[in-house]
Amino acid sequence: MYDLYLNIFNKFGLPELLAKLSWPLFPFIGVAVLLIIVVLFLVLMERKILALLTVRKGPNRVGPYGLFQTIADAIKLLIKEDIMSCETNKVLFTLAPVVVFVPTMVIYGLLPYTSNLFAINLAAGLFLILAISSISIIGLVIAGWASNNKYSLLGGMRSAAQAISYEVPFFISAIAVAILAGSMNMNEIVGQQAGGLFSWNMWPSLVGFAVFFICCIAEVNRVPFDLPEAESELVSGYNTEYTGMKFALFFLAEYAAMFIMSVLVVTLFLGGYTSPFGIYISQLFCNLVLHNQMSLNFFVGIEQAFWLIFKTYVVIFAIMWIRATLPRLKADQLMAFSWKFLLPLSLLNLVIVTVYRYFIPG
Amino acid sequence: MSDYLENNIQEVAAGQLAAILQNNGFNVKPQKNTADNIEVIEVSADKLVEVATFLKMNVDTHFDILFSVSGIDAGESLIAVYHLFSTQFKNNVILKVWLDRSQPEIASLSQVYSASNWHERETFDLLGIKFINHPDLKRILLPEEWIGHPLRKDYVMNDSRLVWNKR
Amino acid sequence: MQTQELKLNVGPQHPSTHGVLRLVMSLDGEIINDIEPVIGYLHRGMEKLAESRTYHQYLPMVDRVDYLSSFFNQESFCLAVESLAGLKVPKRAEYIRVITMEFNRIASHLMWLASFLLDLGATSPLFYAFREREDIYTLFEELTGARMMYNYYCFGGVKKDFPSGWMKKAQDLCKKMPKCFDEYEAIITNNPIFLRRTKDIGVLTKEMALDFGITGPNLRASGIDLDLRKTNSYSVYNELDFKTCLAENGDSFDRYIVRIDEMRESVKIIGQALEKIPGGTPEKLLVKKTNCGCKEESCPICGFDTKLTGKKIVPLAFKPPAGEAISQIESPRGITTCYIVSDGSPNPYRVRWRTPSFSNVQLLPELMKGKIYADLMAIFGSLDVVLPEVDR
Amino acid sequence: MNNILIETKKGIIEILRGLFTVLKHAFRPPITLEYPEKKPVLNSRYRGALALRVNADGSDICGGCKSCMKVCPCGDLIQVSTHKDENNKLVVDKFTVDLGRCIFCGNCTEVCPKKALIMTNEYELADFSRESLVFDKKKLCLTPEQSQKWHEALDKDIQGVN
């Protein structure tokens with residue numbers, strides 16, 4: 001793609017440096033569009049799935065089967081007046097949603113969606129993803145402090161405590177995957193799991209997979225761990241004072257983080273964009289029918305994207321399913337569960353994985 | 001005022017509980033039973049706490065639940081009504097105390113039953129019966145700066161601040 | 001480090017205070033140092049209203065004392081007036097009252113279950129509980145004409161008989177209910193998170209319960225067997241066999257278990273009452289009455305037992321004799337007593353409602369001191385406090 | 001050590017059992033009633049807005065006895081004013097019901113000797129001002145066919161056969 005873009009510039013005689021500088025703009029725009037579409041669909045999907053599980057009908061008034069419901073919500077939030085009470089710290093109050101939203105957006109660029117469709121391919125991709133994902137917690141604490149309201153302060157403090165205690169098992173179980181794959185480059189992690197269903201990382205580090213999945217739910221503040229915005233106690237915690245576009249940003253960030261965490265779970269443990277049957281069906285189809293290489297890559301790319309989307313939405317359905325069933329944990333139980341239960345489990349998983357890798361080299 | 005609620009004079013045969021109380025030295029006057037024959041006993045204001053503790057502690061009465069403390073405005077006098085229930089013998093008793101209207105004072109039962117704490121505050125709030133040595137006797141249902149006690153028969157609500165009075 | 005106490009106002013408008021209750025709490029970090037409930041936001045002056053209305057005018061207002069269990073307030077008011085005026089209630093009307101009351105108990109417990117679990121975070125049982133509650137409310141709408149404020153009992157009996165096909169629908173619902181209760185239990189009862197949030201939280205000892213005048217499921221959860229339907233049974237409860245549900249250590253979990261068992265017991269009671277009702281379904285009763293045709297009281301078909309009300313009362317000229325009466329019944333939240341003093345005039349002289357939630361809210365500070373803020377929802381939810389009853 | 005294992009095993013099984021009971025609900029038909037499109041079916045006992053029945057020839061049944069005024073819990077909600085015409089029969093010339101304050105308890109319909117005042121199934125009573133909720137006689141009166149329809153419905157209901 002990049003060399004195609006380069007000879008366009010040469011044809012017009014523009015300086016090459018400009019091409020190099022402006023090239024990363026395109027993947028960023030692609031990621032932003034992907035994010036908006038995904039979140040718009042995800043909000044509606046959550047309401048529909050919850051309605052399905054509780055014998056109700058989801059939103060079906062705005063547009064056919066309620067498809068434009070989220071757009072209507074977004075417009076409503078845009079129109080709403082943006083209230084800021086006088087004592088709040090203006091700068092921090094507006095900064096908080098941005099600090100929560102931007103890290104999630106950056107992670108969108110780091111993950112590989114198909115073998116050649118990815119924004120940035122770094123040698124230590126996994127390391128950067130884990131580092132960035134903990135920045136958005138600071139945004140919650142800023143929101144809690146800046147909105148000068150007792151409930152949000154409690155919400156902010158709780159989210160900080162929860163984030164710190166759930167980040168440690170999150171990182172250790174991610175390290176186990178790096179050991180299995182032998183490298184931190186996301187494409188190699190996925191490549192290493194290419195051999196069909198049984199070569200996924202999920203099987204050797206099953207415990208790690210469970211710990212990682214639970215920590216993803218905690219990272220995204222979903223129900224069993226949604227203490228920071230527990231409606232019944234804290235009247236929706238840190239985003240009590242936010243209205244209008246700022247609230248929309250928080251809302252957007254939560255769903256974007258949910259999607260990207262499920263993509264992360266899929267790429268690390270469920271074999272990313274590789275197909276569960278080992279070989280790609282489109283490859284068979286292409287060899288029989290048409291023989292040129294260009295269309296083969298195109299069809300394989302589509303099938304890889306399909307498998308990634310399919311697995312991600314299975315994981316998202318599981319998160320929503322858990323949201324419909326489980327009650328909320330208390331603050332101290334939350335901490336005890338992570339330090340006393342998840343951390344030893346993830347260390348145990350580390351041992352199992354290294355022993356496994358010692359006997360069966362990658 | 002209907003003669004019924006007055007401190008009627010005609011003697012009533014002492015019921016089973018009144019008999020126990022009388023032979024333990026409390027001069028209590030039995031009243032007519034209620035329509036579903038629950039015993040009613042009239043107690044004097046100063047003797048109330050002893051009678052209540054006696055009824056609670058005594059082994060063959062053992063009234064361990066205080067259902068409610070309420071008050072009736074009976075024209076010249078206010079009546080404080082205590083309704084006790086025993087989980088062991090499954091029977092009820094009503095204690096009535098006649099208080100004069102100008103200065104309704106009675107000892108609080110909050111040491112004997114802590115359930116009476118709020119009930120007495122509500123009776124004070126709505127009827128104006130003061131309970132001596134009650135932990136914090138202040139209005140419970142009506143706002144602090146309310147004037148008058150609504151459940152009294154002579155209560156007329158002419159509180160100008162309340163908007164619906166003007167309609 | 002010198003920490004300052006945070007005075008938090010869990011205000012009248014709060015998603016989980018089941019109505020307008022304000023809790024002024026002083027928090028030290030998450031630990032509750034002191035909690036002071038402020039009530040009176042929903043005080044409608046039920047007792048003062050009674051003094052300016054006749055008995056028949058006051059009857060529809062009685063539903064509003066506790067809008068979640070309207071049949072129980074009507075029953076306690078009617079029982080008191082019937083004992084005052086010496087009215088006898090026919091057996092068929094008593095059975096209709098028992099059936100409607102037990103359905104109302106299930107509906108009220110389902111409303112408690114939904115809001116209790118919503119406070120703890122589980123959202124789906126709310127919709128399942130409301131699905132059953134809707135079935136019960138449609139039955140009530142067919143029977144009485146209204147969903148929540150029924151105005152269905154009158155002094156001396158019941159206003160109307162079952163519509164046709166109502167008893168069949170009630171029986172099917174009674175068959176369907178236990179399966180739905182099993183579903184709630186499957187989702188919630190031994191769920192580890194729910195157990196950890198409610199097990200030995202807010203333990204109510206026997207002495208503290210009796211001292212604070214706590215009655216109903218909260219008392220039975222602490223092990224004291226006081227259920228007015230069994231101990232001093234009113235209406236026709238002595239002809240129906242059911243057991244009172246008890247538990248031992250009186251924490252939030254036991255209150256939950258007692259209420260779930262009570263719902264199952266109520267379904268059994270309704271099932272028996274539907275069979276044992278004298279005269280069977282209204283159509284059969286009509287046919288038998290026309291065939292039998294005799295008018296005297298003793299005959300079981302068209303005698304007093306199968307009538308709907310005892311003596312015909314003219315609403316505008318109803319003056320019960322002077323006197324006073326107390327009626328005590330077992331409402332879903334505890335013992336509701338209605339103490340009426342009448343001076344022979346058409347208006348009651350004094351009506352005093354003793355409602356169970358009043359003492360439950362009084363108990364709250366004792367249970368909550370020293371606990372963590374998050375426990376507030378588990379304890380307060382399990383006490384099943386409904387604010388109209390507290391403020392009357 | 002092993003009770004932690006048993007504890008977690010039991011916990012996981014219970015969580016899975018809860019999850020699958022919730023999943024079972026996914027295959028059941030939704031029970032929501034889409035209100036504006038589909039209206040609920042109500043039987044004749046439903047206590048909706050008040051209405052006055054009229055005879056077949058349009059003259060109203062209400063005899064002006066004012067007992068409904070006396071039995072209404074809100075006191076001055078129903079206002080009936082009548083005057084005696086030549087052969088001193090009461091003629092009702094004003095019959096207003098303030099539906100804004102009515103609590104739909106049905107006391108007035110029970111006490112009405114001629115069953116003139118009835119409660120229809122009408123429950124959509126929203127309006128733009130409190131005054132427009134005060135229904136006067138013209139608004140309350142049903143057409144003769146409607147009153148006939150309601151007459152049969154009430155008869156069937158009293159025998160408990162509806």
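Keep in mind that what you see is a predicted model, and the values were worked out from it rather than measured. In what follows, every chain begins at residue 1, and chains take the letters A, B, ... in the order their sequences are listed.
Across A/Asn60 and D/Glu34, no two heavy atoms sit closer than the pair ND2-OE2, 3.1 Å. Contact between D/Pro36 and A/Arg61 at its shortest, heavy atoms only, is CD-NH2, 3.7 Å. Considering every non-hydrogen atom in both D/Pro29 and A/Val55, the closest pair reads O-CG1, 3.3 Å.
Using a 4.5 Å cut-off between non-hydrogen atoms, the part of residues 12-21 of chain D that approaches chain A consists of D/Ile15, D/Gly18, D/Leu19, D/Phe20. For residues 163-171 of chain A, heavy-atom neighbours of chain D at less than 4.5 Å comprise no residues at all.
Looking at A/Leu326, the atoms closer than 4.5 Å to chain D (heavy atoms on both sides) all sit in the side chain, from C-beta outward.
Enclosure of atom OH in A/Tyr358 is not indicated, since only 12 or fewer non-hydrogen atoms of other residues, nucleotides or ligands lie within 6.0 angstrom. The neighbour count for A/Phe310 CZ, taken as heavy atoms of other residues, nucleotides or ligands under 6.0 Å away, does not exceed 12. Within 6.0 Å of NZ on D/Lys10 lie no more than 12 heavy atoms contributed by other residues, nucleotides or ligands.
Atom CG of A/Leu53 and atom CZ of D/Phe27 lie 9.0 Å apart (nearest 0.5 Å).
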